[in-house]
Asker: 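Sharing a structure here in structure tokens format.
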Amino acid sequence: MRVILTACVLLVLVSFSSGCGGARGPSKRDSAEVAVGRRGGRPVLRVGGVTMVFEGLLSQGPDAPVLGSCLMQVRGRKAAPPEGDTPAAFDDIRLSNRYSEGVANLSLNGQEFQIIDNGGKVKFADAAYPLHAGAKTLYVARDGSTSLSR
């Protein structure tokens, strides 16, 4: 019980300190929880039921299912800050989000992609995938091409 409570408190602290949602942050209704981790020396991002493994990027350190998490705006009216990215850092993994009119433009250590359709899909260079249609793992190459679970 103590371990679970400590982990929850740490996740809440990381959420508020990371800056992922901006100064005020998005409302819960207009946001998606984003969790950042590391697997096999690669950054991992989890949104909805989709886990994205960024094979074209490196991340130093031990594997960690969750290094931190935050709320990121994916729908609704534009939240603070009014201009620019809202960056977050989890060890050597940098995540930024620029939201406008139902599209969240994200960058994870320079790898760009989008959350579109008011938080319904994640879009890469070659395809878009529903975020809430069951659990799946996407493998993302450096060029933005993707492949599903192996």
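If you read the sequence from its start, that first residue is 1, and numbering goes on from there.
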Asker: Between OG of Ser107 and CD of Glu112, what distance do you get to the nearest 0.5 Å?
Answerer: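 Reported to 0.5 Å precision, the distance equals 5.0 Å.
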Asker: Just verifying a value: how many Å separate Leu67 CG and Ser59 OG, rounded to the nearest 0.5 Å?
Answerer: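 That separation rounds to 6.5 Å.
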Asker: Val47, Ile116: one ILVMFWY side-chain cluster at the under-4.5 Å cut-off?
Answerer: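 Not linked; separate clusters.
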Asker: Can you find a heavy atom in the side chain of Asn105 that is under 4.5 Å from one in the side chain of Asn97?
Answerer: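 No, their side chains stay 4.5 Å or more apart.
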Asker: Can you give me the closest heavy-atom contact between Gly37 and Ile93, atom names plus distance?
Answerer: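 It is O-CD1, 3.4 Å.
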Asker: Within the structure provided, determine whether Val53 and Val140 are in side-chain contact (heavy-atom separation under 4.5 Å).
Answerer: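 They are not in contact (no side-chain heavy atoms under 4.5 Å apart), so the answer is no.
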Asker: Go through it in stages, so that I can follow the logic: the residues are Thr137 and Met52, the test is side chain to side chain contact (heavy atoms under 4.5 Å, CB included), and I'd like the CA-CA distance, side-chain angles, deciding distance and then a yes or no.
Answerer: CA-CA 6 Å; Thr137 300; Met52 295 159 261; over 6 Å; no
Asker: Atom CG in Leu57, atom CD in Gln111: separation rounded to 0.5 Å?
Answerer: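 Output value for this atom pair is 5.5 Å.
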Asker: So how far is it from Lys136 NZ to Leu138 CG, rounded to the nearest 0.5 Å?
Answerer: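 Output value for this atom pair is 7.0 Å.
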Asker: Evaluate the criterion side chain to side chain donor-acceptor pair (under 3.5 Å) for residue pair Ser145 and Asp126; output intermediate values, then yes/no.
Answerer: CA-CA 5 Å; Ser145 61; Asp126 64 342; 5.0 Å; no
Asker: Taking the six-membered ring for Trp, are Phe124 and Phe113 parallel (under 30°), tilted (30 to 60°) or perpendicular (over 60°)?
Answerer: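 Answer is parallel, since the angle falls under 30°.
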Asker: Kindly determine whether Val44 and Val36 satisfy side chain to side chain contact (heavy atoms under 4.5 Å, CB included), including the steps that lead there.
Answerer: CA-CA 6 Å; Val44 174; Val36 176; over 6 Å; no
Asker: Does any non-hydrogen side-chain atom of Asn118 lie less than 4.5 Å from one of Val74?
Answerer: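 A side-chain contact is absent here, since even the closest heavy-atom pair is not under 4.5 Å.
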Asker: Using every non-hydrogen atom in the two residues, find where Gly119 and Ile115 come nearest and quote the distance to one decimal.
Answerer: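 Shortest heavy-atom contact: CA-CG2, 3.7 Å.
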Asker: Between Arg38 and Asp92, does at least one N-O distance fall below 4.0 Å, as a salt bridge requires?
Answerer: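 Yes, Arg38 and Asp92 are salt-bridged.
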Asker: If you look at every heavy atom in Arg94 and Ala89, which pair is closest and at what distance?
Answerer: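 Residues Arg94 and Ala89, closest heavy atoms: NH1-CB, 3.2 Å.
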Asker: For a quick test of reading the model, state the closest non-hydrogen atom pair linking Gly40 to Asp63 and the distance between them.
Answerer: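 Of all heavy-atom pairs spanning Gly40 and Asp63, the closest is N-OD1, 2.8 Å.
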Asker: State the CZ-CG distance between Arg42 and Asn109, to the nearest 0.5 angstrom.
Answerer: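 Spacing of CZ (Arg42) from CG (Asn109) equals 12.0 Å.
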Asker: Looking at every non-hydrogen atom in both residues, tell me the closest pair between Leu148 and Tyr139 and how far apart they are.
Answerer: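 Here Leu148 and Tyr139 meet closest at O-CD1, 3.9 Å.
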Asker: For Gly76, does its backbone N or O pair with a side-chain atom of Tyr99 as donor and acceptor, under 3.5 Å?
Answerer: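 A pair under 3.5 Å: yes.
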Asker: Would the number of heavy atoms belonging to other residues, nucleotides or ligands and lying under 6.0 Å from NZ of Lys123 be above 12?
Answerer: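 No, the 6.0 Å shell around NZ holds no more than 12 heavy atoms from other groups.
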Asker: Side-chain contact, heavy-atom cut-off 4.5 Å: Val34 with Arg46?
Answerer: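 Of all side-chain heavy-atom pairs linking Arg46 with Val34, none is under 4.5 Å.
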Asker: About how many Å separate CD of Gln73 and CZ of Arg29, when rounded to the nearest 0.5 Å?
Answerer: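 Rounded to the nearest 0.5 Å, the CZ-CD separation comes to 10.0 Å.
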Asker: For the residue pair Arg75 and Asp30, what are the closest heavy atoms and their distance?
Answerer: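 So the minimum-distance heavy-atom pair works out to O-CB, 3.0 Å.
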Asker: Do Val103 and Met72 share a hydrophobic cluster (ILVMFWY, side-chain heavy atoms under 4.5 Å, transitive)?
Answerer: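 Different clusters.
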